[in-house]
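Everything on this sheet refers to the single structure shown next.
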Protein chains: 2
Amino acid sequence: MDKYVDILKKHGIKVTPQRLEILRFLDTHHTHPSADEIYMELKKKHPSLSKTTIYNTIQSLKDCGLLVTLLISPNESRFDSLINPHHHLLCSECGKILDINVECPYSRKVLAGGHRIDEVHGYFKGVCEKCLMKGGK
Amino acid sequence: MDKYVDILKKHGIKVTPQRLEILRFLDTHHTHPSADEIYMELKKKHPSLSKTTIYNTIQSLKDCGLLVTLLISPNESRFDSLINPHHHLLCSECGKILDINVECPYSRKVLAGGHRIDEVHGYFKGVCEKCLMKGGK
DNA sequence: TCTCACATTGTAATCATTACAATCAGAGGG
DNA sequence: CCCTCTGATTGTAATGATTACAATGTGAGA
């Protein structure tokens with residue numbers, strides 16, 4: 001049986017082909033795609049797919065804690081299937097979003113000051129190593 | 001002479017009443033307003049103000065390094081006049097964005113891995129102390 | 001097989017932001 | 001003090017991501 005069927009069942013949401021495809025895509029492509037990128041890619045194999053379904057499914061997966069929304073791109077939301085907490089770098093040259101695994105003292109969702117912390121996001125903006133090499137900027 | 005006149009001159013951009021008002025508002029109201037909130041507030045005193053001017057000025061101030069864009073709210077950009085780097089908490093109860101002054105090892109724009117870092121953003125999502133007290137959530 | 005709750009689809013609405021063209025303003029030169 | 005010219009401001013229209021909504025499809029359990 002499919003690994004992703006199990007995951008959906010375990011989280012108590014209905015298993016559908018669309019949800020399976022979206023979950024599989026996010027789990028195997030850690031490119032932090034936008035909703036439109038997911039849509040364009042999956043439409044190839046599943047032409048009747050609707051963009052509304054993308055948004056609905058993203059919401060469902062988020063509710064299950066299987067997905068996080070990255071707030072790094074000014075134009076659109078990017079999505080990342082949740083494995084372990086990590087930070088992200090948006091490269092202003094190539095536009096790619098890279099995973100950054102730095103030690104973060106606040107990843108553990110603990111914070112002084114009496115606030116309750118549910119999510120921790122760490123974003124860097126700059127130029128990635130590859131572009132620095134290429135462009136000499 | 002006005003403090004804000006000096007700031008604009010020092011950064012080599014033209015001094016205009018609109019820019020002065022927007023800069024003053026951001027410097028005296030650290031509520032992380034959206035473009036619309038700035039617009040609504042300043043329109044009271046300056047009825048001919050255009051929303052395009054808000055966006056243009058925000059861009060100019062950003063280019064000068066006087067302003068940073070917060071991408072913590074899923075719906076819109078929030079703006080913060082830059083004093084010292086700090087992190088932010090978005091409270092899901094009251095919707096307010098609070099400054100969080102925690103020690104962050106990456107605030108100094110240094111990062112291993114060969115990438116060039118220009119901006120560091122730390123976002124927390126949760127419930128602020130005040131709402132926790134009130135709601136008992 | 002039937003049924004019903006829930007998922008999917010497509011279209012239309014919403015809303016922040018950007019593009020663009022016309023007008024305005026103010027610093028500097030005559 | 002007026003002219004000029006560059007850049008700022010304004011208003012309207014376009015863009016594009018996301019959401020709302022209504023109609024249709026589907027699959028698990030009776």
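Chain naming here is simple, since letters A, B, ... match the order of the sequence lines and numbering starts at 1 in each.
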Heavy-atom nearest nucleotide on DNA chain D taken for A:K51 and for B:K51; more 5' hit belongs to B:K51

Backbone of B:L49 reached by a side-chain donor or acceptor of B:K43 within 3.5 Å | yes

Verify, without hydrogens or angle tests, whether B:S34 (side chain) and B:R78 (backbone) share a donor-acceptor contact under 3.5 angstrom.
-> no

Could you check how far CG of B:L20 sits from P of D:dA8, rounded to whole Å?
-> 13 Å

Check nucleotides 25-30 of chain D for protein N or O atoms closer than 3.5 Å to its own N or O atoms and list the pairs.
none

Between B:L42 (CG) and D:dT9 (C1'), how many Å, whole number?
-> 14 Å

Taking only N and O in the side chain of B:Q18, is any of them less than 4.0 Å away from OP1 or OP2 of D:dT10?
-> yes

Might you point out which heavy atoms bring B:I100 and B:H86 nearest each other, and give the distance in Å?
-> O-CB, 3.8 Å

Side chain A:H32, main chain A:I97, donor-acceptor under 3.5 Å = yes

Is there a side-chain polar atom (N or O) of A:T52 under 4.0 Å from OP1 or OP2 of C:dG10?
-> no

B:S60 or A:A35, whichever maps to the more 5' nucleotide of DNA chain D | B:S60

Could you tell me the separation between the CZ atom of B:R19 and the P atom of C:dA25, rounded to a whole number of Å?
-> 15 Å

Which part of the nucleic acid, if any, lies within reach of B:N56 when heavy atoms closer than 4.0 Å are counted: base, sugar-phosphate only, or nothing?
-> base

Look at the side-chain N and O atoms of A:Y55 and state whether any lies under 4.0 Å from the OP1 or OP2 oxygen of D:dT18.
-> yes

Counting any heavy atom closer than 4.0 Å, what does A:S77 reach on the DNA or RNA strands: base, sugar-phosphate only, or nothing?
-> sugar-phosphate

Is there a donor-acceptor pair under 3.5 Å between the side chain of A:Y123 and the backbone N or O of A:L71?
-> yes

With distance as the sole test, does A:S81 use its side chain to make a donor-acceptor pair with the main-chain N or O of A:L67 at under 3.5 Å?
-> no

Whole-Å distance, B:E76 CD to D:dT18 C1', equals 14 Å

Atom-pair distance (OH on B:Y39; C1' on C:dC15), nearest Å | 15 Å

Atom-pair distance (CD1 on B:I13; P on D:dA8), nearest Å | 8 Å

Side chain A:R19, main chain A:K14, donor-acceptor under 3.5 Å = yes

Rounded to whole Å, CG of B:L49 lies from C1' of D:dT9 at a distance of 9 Å

For A:S34, report the nucleic acid contact type (base, sugar-phosphate, nothing); a contact means any heavy atom under 4.0 Å.
-> nothing

With sugar-phosphate meaning primed atoms plus P, OP1 and OP2, does A:T16 contact a base, only sugar-phosphate, or nothing at under 4.0 Å between heavy atoms?
-> sugar-phosphate

Between atom CG in A:L8 and atom P in C:dA7, what is the gap in whole Å?
-> 11 Å

